[in-house]
Amino acid sequence: MKKNFIEELKWRRMLQDSMPGTEEQLAKELTKGYIGFDPTADSLGVGNLVQVMTLLHFQQAGHAPIALIGGATGMIGDPSGKSQERNLLDEELLLHNQACQKKQLERFLDFNCGSQSATIVNNYDWFKNFGFLDFIRDVGKRLTVNYMMAKDSVKNRISGDDREGMSFTEFTYQLIQGYDFYFLWKNHGVMLQMGGSDQWGNITTGTELIRRMDGGTAFALTTPLIKKADGTKFGKTEGGNIWLDPKRTSPYKFYQFWLNASDSDVENYIRIFTLKNQEEIDALEAEHRLDPGRRILQKSLAEDITVRVHSADDLRAAQAASEILFGKSTEEDLKNISEVDFLDIFEGVPKGVLSKSEFEAGLPIIEALVKPGFLPSNGEARRALQENSISINKAKVTLDTTLNVEHLLKGKYVLLQRGKKNYFVVTVE
RNA sequence: GGGGAGAUACUCAAGCGGCCAACGAGGACAGACUGUAAAUCUGUUGGUGUACACCUUCACAGGUUCGAAUCCUGUUCUCCCCA
């Protein structure tokens, strides 16, 4: 039985807004719908995952999803939600990024299931030979500047307190994106564009163009922007973005990111980022409330999504690593694991080197912290020690500690740690 | 082109010529408490030595002074108003 797309999004809290008639259109026939992705990086981030999941639900509801890679629009930069002009990207980089993102999308969407198969298009294909004069004549003529100025993305940039002004290039962005929709509608029969709620203005420019150029009808649907309870931006940590690419964000960090979701956020996340159905989620939430400390929801969220994005093996490794790093493990446990496991667990952890000779002579703790590059200065190291925040091989140490060969794990590693979460592996050679 | 305001550490933002490594707020980090949370409390937040010390910092370059983030000159940049 096919799911009802709109209903599905609603209970998952993924529906912000849709144009009248959208639901009827979807009920009527197999519909093609698309979402645009920005190829500004060679990997999608967790922020993009909302859109990926939207496409996945769309496909599961019996429709055909299209991912549009914004090769052309990426060169311009979407002004929505930004107060500063974007740096432009060159063509070669865009193509590389696009190829990488495509691979990631393939992990979610089914690209080979007949009429519902997912497809990927690149708007660079139809823009690269579209001349400027042709464009302003055929497209630019259709919309008034007044209409374009009324969009929030533009208004915020030319008025408002922290306005920065905006270049003509960015001003035309909505026309380019609008034309994408027209092009897909005209040539591929695409009836629906979806996106985050910040895209509403750009999407409706598309439906407006379709109406004015060909008198056609098309639909729009947006998902809410994910907000965290503390008001900070979703998908970013102090360390930067959380990416799907394991080379950028290790599966361990990825797992930890979800596991660390706050109680107030996780109820949204589990609806949005997993395919668990309503009953499963209700049951998990009930269990979670009985004992929030066990973090049932966070765990099942993190497991589900880590397996989907990475693999079951990566999940196991991440869990094992978490157990060692955060569980009640001791120096004994560290000594007992194999070298392979050790390296595996600390794969994503920063590393440094010390020479064997100075180690054998006995190394004052401060030097051991600073020399390999774990802490930036002696003062910092001293402070950290006074705070009682430094551990060697999971055991707290004090200022007067001296490191020697007895501290070595497997004969050549030392695990430095500041606080609960900051680890550093020193290799002695 | 004319006039005005400004440039201080991660960010915002105080700073009578000496008591300024520089108030305060936010952020970040750590400790206690916890659930690897939230909230709360506490501490830290230029470098070296740790004791009062010394060194490098308040856009840049000079100058005045026993002494300058603080005064003067020039340079660069930013913002605002008028044309």
Side-chain angles (χ1 to χ4, degrees), chain A residues 83-85 157-166 227-234 236-242 249-270 284-303 305-306 315-330 333-334 345-346 348-350 364-367 369-371 373-392 394-401 415-424:
Chain A
S83 56
Q84 285 193 342
E85 185 86 13
R157 285 285 286 276
I158 58 181
S159 59
D161 290 338
D162 52 350
R163 60 171 178 267
E164 288 272 339
M166 122 189 259
K227 289 196 198 70
K228 292 209 294 182
D230 61 7
T232 54
K233 203 163 185 246
F234 170 76
K236 301 246 193 224
T237 61
E238 312 77 59
N241 231 327
I242 300 293
T249 301
S250 68
Y252 165 73
K253 278 213 189 94
F254 187 83
Y255 175 78
Q256 283 286 325
F257 169 76
W258 297 104
L259 194 63
N260 277 320
S262 72
D263 288 0
S264 46
D265 291 325
V266 72
E267 296 191 3
N268 283 331
Y269 293 175
I270 200 158
L284 284 169
E285 284 181 353
E287 205 181 334
H288 182 260
R289 278 192 205 99
L290 286 179
D291 185 1
R294 284 174 60 207
R295 291 182 301 160
I296 306 275
L297 282 174
Q298 281 91 337
K299 278 182 185 152
S300 62
L301 168 70
E303 283 168 16
I305 198 158
T306 305
L315 171 64
R316 270 192 294 279
Q319 285 175 321
S322 302
E323 193 53 41
I324 296 286
L325 296 179
F326 293 106
K328 287 154 245 359
S329 60
T330 59
D333 296 325
L334 279 175
I345 287 168
F346 295 102
V349 168
I365 181 70
I366 290 181
E367 270 187 59
L369 290 169
V370 176
K371 254 194 167 162
F374 180 39
L375 298 180
S377 68
N378 292 356
E380 180 88 23
R382 202 170 281 118
R383 275 196 296 274
L385 284 160
Q386 277 159 2
E387 283 167 343
N388 192 29
S389 65
I390 299 294
S391 302
I392 303 291
K394 302 290 291 184
K396 293 275 185 189
V397 293
T398 51
L399 245 173
D400 47 24
T401 308
L415 178 64
L416 307 180
Q417 177 184 2
R418 178 179 194 188
K420 289 195 187 91
K421 296 185 187 179
N422 300 309
Y423 289 91
F424 192 89

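Each chain gets a letter, A, B and so on, in the order its sequence line appears, and its residues count up from 1.
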Show the distances under 3.5 angstrom between N or O atoms of the protein and N or O atoms of nucleotides 45-48 of chain B.
unit_1 : atom_1 : unit_2   : atom_2 : d
B:G47  : OP1    : A:Ser377 : OG     : 3.1
B:U48  : OP1    : A:Asn378 : N      : 2.6
B:U48  : OP2    : A:Gly379 : N      : 3.0

> A:Ala384 or A:Leu399: which one's nearest nucleotide on RNA chain B is closer to the 5' end?
Replying inline: A:Ala384
>> Between B:C54 and B:A22, how far apart are the two P atoms, rounded to whole Å?
In response: 13 Å
> Counting only N and O atoms by type, is there a donor-acceptor contact under 3.5 Å from the side chain of A:Ser389 to the main-chain atoms of A:Ala384?
Replying inline: yes
> Should the pair A:Tyr423 and A:Phe326 be assigned to parallel (<30°), tilted (30 to 60°) or perpendicular (>60°) ring geometry?
Replying inline: perpendicular
>> Does atom NZ (A:Lys253) have a neighbourhood of more than 12 heavy atoms from anything else shown, all under 6.0 Å?
In response: no
>> Over all strands shown, is A:Lys299 touching base, sugar-phosphate only, or nothing at heavy-atom distances under 4.0 angstrom?
In response: nothing
> Which atoms form the tightest heavy-atom contact between A:Ser300 and A:Leu284, and what is the distance?
Replying inline: OG-CD1, 3.5 Å
>> Let's test this: given Watson-Crick or G-U wobble pairing with both distances under 3.5 Å, identify the partner of B:A53.
In response: B:U48
> Would you say the ring centroid of A:Tyr252 lies under 6.0 angstrom from that of A:Phe257?
Replying inline: no
So which protein nitrogen or oxygen atoms get under 3.5 Å of nucleotides 34-36 of chain B's nitrogens or oxygens?
unit_1 : atom_1 : unit_2   : atom_2 : d
B:U34  : O4     : A:Lys420 : NZ     : 2.9
B:G35  : O4'    : A:Gly293 : O      : 3.4
B:G35  : O6     : A:Asp263 : OD2    : 3.0
B:G35  : N1     : A:Asp263 : OD1    : 3.2
B:G35  : N1     : A:Asp263 : OD2    : 2.9
B:G35  : N2     : A:Asp263 : OD1    : 3.0
B:G35  : N2     : A:Gln298 : NE2    : 3.4
B:U36  : O2'    : A:Asn260 : OD1    : 3.4
B:U36  : O2     : A:Gln256 : OE1    : 2.9
B:U36  : N3     : A:Gln256 : OE1    : 2.9
B:U36  : N3     : A:Gln256 : NE2    : 3.1
B:U36  : O4     : A:Gln256 : NE2    : 3.3

> Where do A:Arg294 and A:Lys299 come nearest, in terms of heavy atoms and distance?
Replying inline: O-NZ, 3.4 Å
>> How many whole angstroms separate atom CZ of A:Phe257 from atom P of B:A37?
In response: 16 Å
>> Is there a side-chain contact between A:Asn388 and the phosphate of B:G43, meaning an N or O under 4.0 Å from OP1 or OP2?
In response: no
> So which heavy atom on A:Ile365 is nearest to which on A:Leu385, and how close?
Replying inline: CG2-CD1, 3.8 Å
> Given the rule in the side-chain contact (heavy atoms from CB on, under 4.5 Å) test, do A:Ile305 and A:Phe254 qualify, once you have shown the distances and angles that lead to the verdict?
Replying inline: CA-CA 9 Å; A:Ile305 198 158; A:Phe254 187 83; 4.1 Å; yes
>> Quick check: any donor-acceptor pair below 3.5 Å linking the side-chain of A:Glu387 to the base of B:G31?
In response: no
> Taking the P atom of each, how far is B:G62 from B:U45, in whole Å?
Replying inline: 32 Å
